[in-house]
2 protein chains.
Amino acid sequence: MADAKLDTQVRREQIAEAALSLVASQGLRRLSVAAVARRVGLVPSGIYRHFKNKDEILDAVLDRVELRLLANVQASRQAHADPLACLKDVVMRHIRFLREGKVISVPRMIFSEDTHGDHPERKRRILGVFSKYMEQIGEVVQLGQQQGRIRPELEVQAITMMLFGIIVPAGILWHLTDGGFDVTRHAQRGWKMLLSAIEPPVPSKTRKK
Amino acid sequence: MADAKLDTQVRREQIAEAALSLVASQGLRRLSVAAVARRVGLVPSGIYRHFKNKDEILDAVLDRVELRLLANVQASRQAHADPLACLKDVVMRHIRFLREGKVISVPRMIFSEDTHGDHPERKRRILGVFSKYMEQIGEVVQLGQQQGRIRPELEVQAITMMLFGIIVPAGILWHLTDGGFDVTRHAQRGWKMLLSAIEPPVPSKTRKK
DNA sequence: CATCATTGTGAATATATAATCACAATGGAG
DNA sequence: CTCCATTGTGATTATATATTCACAATGATG
């Protein structure tokens, strides 16, 4: 069935990518070893040549999700020197990837009990991913506060959570409506409202985004 | 094993309540017919005397969730004539129920593919529950706009989504940290920020909540 | 070419859980 | 009390999916 034998490094890559892709499009419930195998072009038992079990595959998927989430924040930071522009970009970038099916929304990972139903340590793992993500965003917020672009009296965590509160419902509605919900508009509106809450009353610059 | 035979109405009530309770504490993945039966005090096959299949049980759970969510909004509306106080109460009440395990956070229902994995109509059902919930909240927002308590230029949906954006991450973090996250503080901060975004610049009343 | 390690296949096994089936027990009606 | 409808039990079946196992095939090396 397989075209040829491939090195385990290559197969692992294929398998992890196939799994991530399947999860993004169909959710974790539908992720079966058989589905992954089909996608890669192997028979199901062939998967076990490269991954010890399904849990290992899920771990690999999680690694990828983490990389992508953090890469998103990094990309935004590099594209925008201005903290506010950067934060907005984090949101919009996430939305774009959501639309393109290139990222699994965090809640989807969290509440898919297939991910960590019987594995408390994976729950911790997810919490870790989330924490890192929030931390990265928090650094941008802090920068903004130091530069007078963001109200200094607001707590960093509160701001990052509000940002998260824009991203998450987007994923939820996108998922619920099978892509029918206008997540871009939602994000723009949400950002605008958040901005009015976090921007200092006296604009430190005439720039009004 | 059962103490006595009970009328199917009574059993259906018990079964639905047991299922809801189990879902709230353990998630949907762990909801098995056997677990529900144990909780009620029957053997697993006895459940099928009262519910056709597991799907019917899940539908009953969803009904209950809907009732509770909407009852929460109603309760807040009746307790507070002021729209802003009402909205705040919706959030805080939800948080309280979350803490007490009396409500399943909506994302948990949505992203638990056990709920609707193979049932598109149940996904629609959930979307319907969510839409009703948002509608009810939206009515309060509209009232607030008519009364000059909330900026009239902001779109109702944007505001309700921001409110949702406070509630949802609370559920997520509560779940991820096994109740370790301070959801009350999160909600209070989030509400405060949202308030500064939606409250008109010139207070129509000296009341500052 | 032969050898060998690694990868792939197809059949079989293991497991958890939903659901069926046939018999038992309960409780109400006559 | 008997009868009957309904509810409860315990054994069995069905099903989906993860995983193991034994053999086959590939590709690199000497």
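Within every chain, numbering begins at 1; the chains are lettered A, B, ... in the order of the sequence lines, protein sequences first and strands thereafter. All figures in this text were calculated on a predicted structure; none of them were measured in a lab.
- In summary, the side chains of A:Q136 and A:Q74 do present a donor paired with an acceptor at a separation below 3.5 Å, with no hydrogens or angles considered.
- Per the geometry, CZ belonging to A:F51 stands 13 Å off P belonging to C:dG8, to the nearest Å.
- B:R38 places its CZ atom 10 Å from the P atom of C:dA18, with the value rounded to the nearest Å.
- Of all nucleotides listed (D:dG8, D:dT20, C:dA19), D:dG8 comes nearest to the side chain of B:R49.
- Ionic pairing of A:R12 and A:E56 is present here: one or more N-O contacts between side-chain nitrogen and carboxylate oxygen are shorter than 4.0 angstrom.
- Residue A:L42 has its side chain nearest to C:dG8 when only D:dA18, C:dG8, C:dG10 are considered.
- A donor-acceptor contact closer than 3.5 angstrom is absent between the side chains of A:T8 and A:R49.
- Comparing B:V43 and B:K5 against DNA chain D, the residue whose closest nucleotide sits nearer the 5' end is B:K5.
- Contacts of A:I57 with the nucleic acid, taken as non-hydrogen atoms under 4.0 Å apart, are absent.
- Regarding B:Y48, its OH atom lies at a distance of 12 Å from the P atom of C:dT17, rounded to whole Å.
- Taking atom NZ on A:K52 and atom C1' on D:dC21, their separation rounds to 17 Å, with Å as the unit.
- Taking the ring centre of B:F97 as origin, the terminal cationic atom of B:R68 falls outside the region bounded by 6.0 Å and 45° from the ring axis.
- Nucleic acid contact class of B:S32 (heavy atoms, under 4.0 Å, all strands): sugar-phosphate only.
- Backbone-only contact: B:L31 has heavy atoms under 4.0 Å from sugar-phosphate atoms and none from a base.
- As a whole-Å value, the separation of B:I47 CD1 from D:dT9 C1' is 13 Å.
- Comparing A:L6 and B:K54 by the nucleotide of DNA chain C that holds the closest heavy atom to each, the one mapping nearer the 5' end is A:L6.
- Rounded to whole Å, the distance from CD on A:Q14 to P on C:dT7 is 13 Å.
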Next on the checklist: Walk me through whether A:Q188 and A:R185 qualify under side chain to side chain donor-acceptor pair (under 3.5 Å).
Outcome noted: CA-CA 5 Å; A:Q188 286 169 342; A:R185 191 166 65 166; over 6 Å; no
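- Rounded to whole Å, atom P of C:dG28 lies 10 Å from atom CG of B:D7.
- For A:R11 and C:dT6, the shortest distance from a side-chain N or O to OP1 or OP2 is not below 4.0 Å.
- One interatomic measurement links the two molecules: CD of A:Q9 to P of C:dT6, which rounds to 13 Å at whole-angstrom precision.
- Distances shorter than 4.0 Å separate some side-chain N or O of A:H50 from OP1 or OP2 on C:dG8.
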